Each structure stands twice: as C-alpha cells, then as structure tokens.
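From a predicted model like this one, the values you see are computed outputs, not experimental measurements. Heavy-atom basis, side chains included; hydrogens, waters and symmetry copies ignored. Counting starts at 1 for both ligands and their atoms, following the listed order. Here, residue 1 is the first one in the sequence, and each next residue gets the next number.
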Amino acid sequence: MYDVTKIRADFPILAREVNGKPLVYLDNGASAQKPQVVIDAVTRAYSQEYANVHRGLHYLSNLATEKYESTRGIIARFLNAASEDEIVFTSGTTEGINLVSYAWAAPRLEPGDEIVLSVMEHHANIVPWHFLRERQGVVLKWVEVDGKGDLDPQAVLDAIGPKTKLVAVTHMSNVLGTVVDVAAICRGARERGVPVLVDGSQAAVHMPVDVQAIGCDFYAVTGHKLYGPSGSGAIFIRRERQAEMRPFLGGGDMIREVGRDAVTWNDPPMKFEAGTPGIVQQIGLGVALQYLMDLGMANVAAHERVLRDYARDRLAGLNWLNVQGTSETKGAIFSFTLDGAAHAHDISTILDKRGIAVRAGTHCAMPLMAHLGISASCRASFGLYNTTEEVDALVSALELAHELFA
Ligand code: PLP
C-alpha cells in the first residue's frame, strides 16, 4: 500500500513552513527533496566511514570503496543494465552527455555528419552537440513536436539519413511532461545502424526504466532529481559503445600505467572516471535508489498518475490558464502561462508567498520555448510525496494571482 502520509514523514523538509505557510514543494523537476535515510547515509559517510576510494589499503579506504562501488550495482539494478560495468559514475546528466560528446562523438564525427535531436531537449542535451557543430562542422537536425507536445518516433526515424551518426532524445520533457516512446526510436535507429542517447533525467524519477528493453546505447540520469545528493549521477553506456570511446578527463584512477612517454588506460567504466569522485554523493545516491526500489517505481508511477489526472482536471477549470502540452503520455509536470501581462516570475513570487515552490523561466529549454511561442512559463512538477491537497493549494494560489493581475 502506497501511504503518502508515511512517505512524507521520511522527508524532514516537508514539515517546515515557508513564508508562514506549510511548504508545498512543486519544484521537483528542478531538484527533489531528500529522505532521512539519504541524509543519514551522507552524515554517516562523513562522520564514520570517510576516506578516498580505490587508493588505500587501510580499513576506512576499503570501507568507503565498498560503499561507493556498491552504488554502481544499485544503479545497474535500478536501470536494469546487463552489467554494472556499463554504469559510469558522473556528477549528473550534464557531465554524462558531455562525456559522450567528448569521448564518443568528437573523435568519430566528420564535418557534415548529423545528430538528430528533438526540439524539446534540455540544454544539457543540446549544447554538447553545439560544441561539435561549432568545432567540427557537425549538423544538428531538429525534429518538431506536435500540437499536443508529442514526439512521433517515426518523425525521428524519418530524420535519420546516411550521414546521421547519433540520435539524442529525452525520455520525458522537463517542460511538457511528455513521455517519449524511446524504445520505438531505438528499435528503428538500430535497424538503421544509428546509436541512441536517451536523456533520462526526468523519466527515471517517475517510472520504471529498463535500458535493455529500451535498447538504447546511452542513458543518462542525475542523482539530485532521484531524491539523492546533488553532484551524483551516472550514465549507462552499452559495452560496444564503451569500446569505441576514448577517455574524457585525464588523471588518477582512469589509468593503468603512466610513464614519461606513454600511458595506458584502465578498463571501463573506470577509464571514464578520472580523479577523486563524488564519493559521499554516490553513496547517498545508492541509498536513494534503494529507497525508490523499496517503494517500487511502478507504485510511484501509479501515485503520480493520480496526481497528474487530478491536477489536469483542476487546472482545466481555470479558463485563463494556458497549460502547455496535452500529451496522453504526460507525466505530472505542468507548465503554464496566465492570460494577461503577468510574467511567470511574478506568478511564482505570489505562489511563494503562499509557501508554494514552483519554477519560472525558460527551464533550460529555449528551443522549445521558441517553438511554443512563449518567452517563459511557470512549472509545477510533482514528486512521489505530493498530494491532491497540494494541487488544491496550487489552484487557490493561482486564483489569487489571477485576481491580482486581472
Ligand atoms: N535533462 C533534463 C531533461 C533535465 O530536466 C535536466 C535538469 O534540469 C538535465 C538534463 C540536466 O541535469 P543536471 O543539471 O543535473 O546535469
């Protein structure tokens, strides 16, 4: 039984007030709050179990290494990767996608080669490809979303031509909430011999993910949205792609031998992990993912579907509110603007006065904003601890904002 009251008690911050009102945290798309088990694990790691990893032969170093490395196996289970060697630790999705850009794409792509991406990507899945456009003449091919905010897998496959070397798409839009059929994209791309990178930053937080069933080559996740510490994360990289990658950052840990005139690399995944990593962050991420798996991601998804349906119906009753994205596959992420001149920042300030945290701005998705023809929006993004009462609080605060600006 999914007991949201009990779950909320696991997250100490949810008990606090903001501006004299109970906190209603609806900015989960930006970053999620942490359960006590994660906070405790971080405290324990620093107060009882801390040393550098992979380097020492002493007790604490071995203990820290064991705890840190155990997260790799937990991530592999969370994403259903075939082997934990396919999991490369990163500081988050941004680093994961940059790793692929620098280590896999840059050495392989020639001027005129193409990367296919959708117009609703986060900047983290755009700018690393712009580097290749600027530096080595790679062409970015953009696939539009339709009026509901859906990305048709066939449109992505139709954009693949003889020069396409990579498809890079999000699994779930951080603005519209649309869930993309990435398995269909991967199937078609594989038939055409084109690898696929999936940005799983949002999707992995809201639904079970199986990278083997999806059939992707790269799948990036970011720990702070997964109820873990900031600075933690990972990217799944299929074995065949790892074999094609040169190292990214150089330094300790990623080498086997270093001489004056030569250097040899460690085996993957260590080959792609240079220097002292986010030891405690990754330990905390392991605990967060175990917490999610204990709840059951299918149960989390079911709870959030109830929130989505309730929020969709309640927001639909506000005829001066324009919700962006009406996909059938939409998750519990609602971006909206209000009729009239009110700027998204002003709306979010009014909501904040009522203790309600939302995000306002372009959500690191400027091409999507241009496509939608808006300069900014407010975004209410729900998580596993949110309730229908919090939807009601959002609606009341929006009604107040509308009255103020009418
Ligand atoms: N991709 C998507 C869809 C996101 O929502 C985000 C974060 O907002 C990112 C990538 C970037 O994640 P991070 O900033 O943790 O690297």
Within a distance under 4.0 Å of any heavy atom of Lys225, pick out the atoms of ligand 1 and give their elements.
-> 4 (C), 5 (O), 6 (C), 7 (C), 8 (O)
Distance from atom 4 (C) of ligand 1 to nearest protein heavy atom, with residue and atom = His122 CD2, 3.3 Å
Evaluate side-chain contact (heavy atoms from CB on, under 4.5 Å) for Gln281 paired with Leu285, printing each intermediate quantity in order.
-> CA-CA 6 Å; Gln281 290 91 327; Leu285 175 59; over 6 Å; no
Take Met254 and Leu249, measure what side-chain contact (heavy atoms from CB on, under 4.5 Å) needs, and give me the verdict at the end.
-> CA-CA 8 Å; Met254 50 76 74; Leu249 299 174; over 6 Å; no
Atoms of ligand 1, numbered as shown, that sit under 4.0 Å from any heavy atom of Thr94 = 11 (C), 13 (P), 14 (O), 16 (O)
Run the ring-centre check on Phe11 versus Tyr25 and record whether the distance is less than 6.0 Å.
-> no
Close approach of Asn125 to ligand 1, heavy atoms, under 4.0 angstrom | no
Atoms of ligand 1, numbered as shown, that sit under 4.0 Å from any heavy atom of Thr222 = 13 (P), 15 (O), 16 (O)
Heavy-atom proximity to atom 2 (C) of ligand 1, best of Val221, Ile333, Asp199, Asn174 = Asp199
Would you check, one step at a time, whether the test salt bridge (charged side-chain N to carboxylate O under 4.0 Å, His left out) holds for Asp113 with Lys165?
-> CA-CA 6 Å; Asp113 281 346; Lys165 292 294 186 300; 3.1 Å; yes
Would you check, one step at a time, whether the test ring-ring contact (aromatic ring centres under 6.0 Å, His included) holds for Phe248 with Tyr102?
-> CA-CA 6 Å; Phe248 174 30; Tyr102 278 90; 5.1 Å; yes
Distance to 0.1 Å, residue and atom name: give those for the protein heavy atom nearest to atom 10 (C) of ligand 1.
-> Ser201 OG, 3.2 Å
Report yes or no: do His54 and Thr65 form a side-chain donor-acceptor pair below 3.5 Å?
-> no
Shortest heavy-atom approach to atom 5 (O) of ligand 1 - which of Gln202, His224, Arg359, Met172 = Gln202
Work out which heavy atom in Lys330 is nearest to a heavy atom in Leu176; give both atom names and the distance.
-> NZ-O, 2.7 Å
Which ligand 1 atoms, with their elements, are less than 4.0 angstrom from a heavy-atom of Thr93?
-> 10 (C), 12 (O), 16 (O)
Numbered atoms and elements of ligand 1 in range of Ala124, under 4.0 angstrom, heavy atoms | 10 (C), 11 (C)
